[in-house]
Amino acid sequence: MPEPASFDPVAVLAERFRAAIARAFPEAADADPMITASRQANLGDFQSNAAMPLAKRLGKKPREIAEAIVRNADLGDVAEPLTKDSIAGPGFINLRLRADTLGALLSRLDSPDLGLPPVEHPQTVVVDLMGVNLAKQMHVGHLRSPIIGDALARTLERLGHRVIRQNHVGDWGLPIAMVTARLRRLAAAGTIDLSRITLDDLDRAYAAAQAECKRDLEGLAAARRFGQGPKALAELEEQVMGAEAAFAEARQTLVKLQAHDPETFAVWQRIADVTMQVCLATCERLHVNVTAEHSAGESSYAAELAPMVADLVSRGIAEESEGALVVRLEDPAYGGIKEPCIVRKTDGGFLYATTDVAAIRRRVQKLGADRLIYVIDARQNLHLRQVYGASLRAGYAINPRSGKPAEFQHAAFGMILGDDGRPFKTRTGDNVKLADLLEETVERAERAVAQRAGEREIPASERRAIAEAVGIAAIKHADLCNDRIKDYVFSFDRMLAFEGNTGPYLLYALVRIRSIFRNADAASQAAAPAATLALREAGEKSLGLALLRYPAVVRSVGESLEPHRLVQYLFDLASAFSAFYDACPVLKAETEALRQSRLRLCHLTARVLADGLGILGIPTLERM
RNA sequence: GCCCCCGUAGCUCAGAUGGAUAGAGCAACGGAUUUCUAAUCCGUUGGUCGCUGGUUCGAGUCCAGCCGGGGGCGCCA
């Protein structure tokens, strides 16, 4: 029997209760001890809810069961002695850890890995995140995927898994060919200089190319039907003819791109370089670990699509339907989805679903993924289930090493809304540029920092650095603190507030601890990490109990892919620290032993806070 | 029409495998400071958990049906 994680009071108590239940009711020795942290501190530190389900199973009164468990429990060295008074309500058993046990558990947690050694069986996890499109300015819609995706990737890395980030760049297909065609034409005419072009220019070119290719055939038909004048008709006809020409040019360009025609390809490459430069710079500013090596654009799959679809056809996985090729997914084994996955259009062209199936094939077959995580907005849910279902049916999603299907998880997220409850836009209804949003956040943070610096003098350069960290922490925290599936309302004021569950509050808690250590003498600093922990006061105890929860919380994020659980935990921890800080002097503690104990508690708290913020990808500070 | 998601305090939101009197933060009100950084802490006020049934000793949580909001649904990405 492996020793339960020795720092974890829940595991230790569960072990003792399991033994007690086995002694009291050998016929139910497998029952779950149901140990959880108490909701209210006045009732106890932990509780066991095991008596109620056991009562049902054994046909006895829950109160009697609880009494029998209490009689048979051997907790002497772990918790305060149990009595009849420990049993409350229908049969809850309340537990209070012994002060020395809490100290002992904490000193075990205070190890290099903070209770999170690398998992025994590491998985290869592919995280699909970011997903920018070429020639499109980054806006608020691009904020969530990198922030959430990076936090999840870091969580899994921290747990010891092998994580491969994949930035599935939208860099191929007819829309990109349209811009490429337009830019090539304008460059040839000398209207633009490709070497000096910016992403804003590309963004405008993209919109213009879309517009010029838009064939208003319905408009023309309607004009005829409603008997519009010959002049209006002629205008529309001309427009349609122009669009036909532009469309044809775009198709030709796509063919040239696919053939790697040097001149066309150079224009495309320029578009890619300009876009990715902005994308990667944004990631860097956001402290998001996505770099050039994580890019896996749609273009990188282009050559694989035709052979892959041929494979699907030859094995009878794809079938023809109304001229298109589809993979049917009605079978529950493939998701039980009514809508089939279309992998080839009637005109022979491939779709984004085709590329996404190819991506799963590469991720599982070549990269060895055991687990596929998509950090993409919630609207893509059906599409992703279709693509995964098709890959499953084709066998592409079966990991060749384990022989098992790679686990599929859509870490879906909601929209960012303005304070009117509608999608976040500028007053004029345009998308908010991501770079502008970050800049405004940091500027507001800088004003707040200056305002709160008080009499402390902070050099301008450091003030700027503090504002940068505070602003980025605020924006990332705001994105991570709620259940990701929900929409949230963007508010500078709320995220930059220094009260409540905000990024600045968490940074401040850490800064206060670091400040204590700056004020401590060298001898204390050196001795603190090994001091004997003695937790007597309420503030110390609740901080200690909060610290012990850390590893379980990180593991739960690894499973649920819900970073807000860690954010909520860090807020609880920071709150517990703040209450401790208020009530328990550290450097001015009454005795040297107490001073050392509290210093160690501070040291451990700082390590957990920093580790947790690191997992979330939130930058920290020494001073603010 | 079918499918997915959401609905909890005035506001913003937590509530894992069903467990005690549903919790935070903000706002409002009242306290604490010769500060180890008050960007803090302590307290008070505030709820028909969208509605109705069902399962259960026990439902915010599970099931069914409604209501309200958002999104998606064969050849756009």
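Here is the naming used below: chain letters follow the sequence lines, and residue numbers restart at 1 for every chain.
- Atom C1' of B/U56 sits at a distance of 12 Å from the matching atom of B/C63, rounded to the whole Å.
- Here B/A20 presents its P atom at 12 Å from CG of A/Asn94, a figure rounded to the nearest Å.
- To the nearest whole angstrom, the two C1' atoms, one in B/A9 and one in B/G46, are 6 Å apart.
- Taking 4.0 Å as the cut-off between side-chain N and carboxylate O, A/Asp420 and A/Arg422 do not count as a salt-bridged pair.
- Look at A/Phe92 and the base of B/G19; the rings do not stack under the cut-offs of 5.5 Å between centres and 30° between planes.
- Atom CG of A/Asp45 and atom NZ of A/Lys541 lie 4.5 Å apart (nearest 0.5 Å).
- In this structure, A/Glu499 places its CD atom 18 Å from P of B/C13, rounding to the nearest Å.
- Here the C1' atom of nucleotide B/A77 and the CZ atom of A/Arg344 are 20 Å apart, to the nearest Å.
- Between the NE2 atom of A/His564 and the C1' atom of B/G15 there is a distance of 9 Å, given to the nearest Å.
- Rounded to the nearest Å, the gap between the C1' atom of B/G25 and that of B/U8 is 15 Å.
- For A/Gly500 and A/Ile458, each mapped to the nucleotide of RNA chain B holding its nearest heavy atom, the one lying further toward the 5' end belongs to A/Gly500.
- Rounded to an integer number of Å, the gap from A/Tyr374 OH to B/C4 P is 21 Å.
- Electrostatic pairing of A/Arg393 and A/Asp331 does not count as a salt bridge here, judged by no charged N lying under 4.0 Å from a carboxylate O.
- The C1' atoms of B/G18 and B/U55 are separated by 11 Å, rounded to the nearest whole Å.
- A gap of 29 Å separates the P atoms of B/C2 and B/U17, to the nearest Å.
- In summary, A/Asp521 and A/Arg595 engage in a salt bridge, as defined by a charged side-chain N under 4.0 Å from a carboxylate O.
- Residue A/Ala88 is classed as a base contact, given a heavy-atom separation below 4.0 Å to a base.
- Phosphate proximity of B/C76 to A/Lys345: present, with a side-chain N or O under 4.0 Å from OP1 or OP2.
- Residue contacts shown for A/Gln380 include a base, since a base heavy atom lies under 4.0 Å away.
- Using a 4.0 Å heavy-atom distance criterion, A/Leu351 is classed as a sugar-phosphate-only contact.
- Relative to the ring axis of A/Tyr581, A/Arg512 places its NZ or CZ within 45° and under 6.0 Å from the centre.
- Nucleic acid contact for A/Ser578: sugar-phosphate only, since backbone atoms but no base atoms lie under 4.0 Å from a heavy atom of the residue.
- At a threshold of 4.0 angstrom between heavy atoms, the contacts of A/Gln47 include nucleobase atoms, whether or not backbone atoms are also involved.
- The backbone N or O of A/Glu446 lies less than 3.5 Å from no partner atom in the side chain of A/Arg463, so there is not a single donor-acceptor pair.
- Per the geometry, OH belonging to A/Tyr581 stands 5 Å off P belonging to B/U37, to the nearest Å.
- Rounded to whole Å, the separation between the C1' atoms of B/G68 and B/C49 comes to 16 Å.
- Across the P atoms, B/G53 and B/A14 are found 28 Å apart, a figure rounded to whole Å.
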Only Watson-Crick and G-U wobble pairs with both distances less than 3.5 Å should count. Give RNA chain B in dot-bracket notation, marking inter-strand partners with |. (((((((..((((.....[...)))).(((((.......))))).....(((((..]....))))))))))))....

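- A donor-acceptor contact shorter than 3.5 Å links the side chain of A/Glu540 to the backbone of A/Glu537.
- Nucleic acid contact class of A/Pro340 (heavy atoms, under 4.0 Å, all strands): base.
- Contact annotation for A/Arg328: base contact, defined as any heavy-atom pair under 4.0 Å involving a base atom.
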Along nucleotides 5-12 of chain B, 5' to 3', which nucleotides get a B, which get an S, and which get a -, given that the test is a protein heavy-atom distance under 4.0 Å? SSS----S

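- One can place CG of A/Leu543 at 14 Å from C1' of B/C41, the figure rounded to the nearest angstrom.
- When the C1' atom is compared between B/G74 and B/G10, the two are found 48 Å apart, to the nearest whole Å.
- Atom-to-atom, CD1 of A/Ile35 to P of B/A16 comes out at 18 Å; the value is rounded to the nearest Å.
- Within 4.0 Å (heavy atoms only), A/Ile342 reaches at least one base atom of the nucleic acid.
- Within 4.0 Å of A/Pro62, counting heavy atoms only, lies no atom of the nucleic acid at all.
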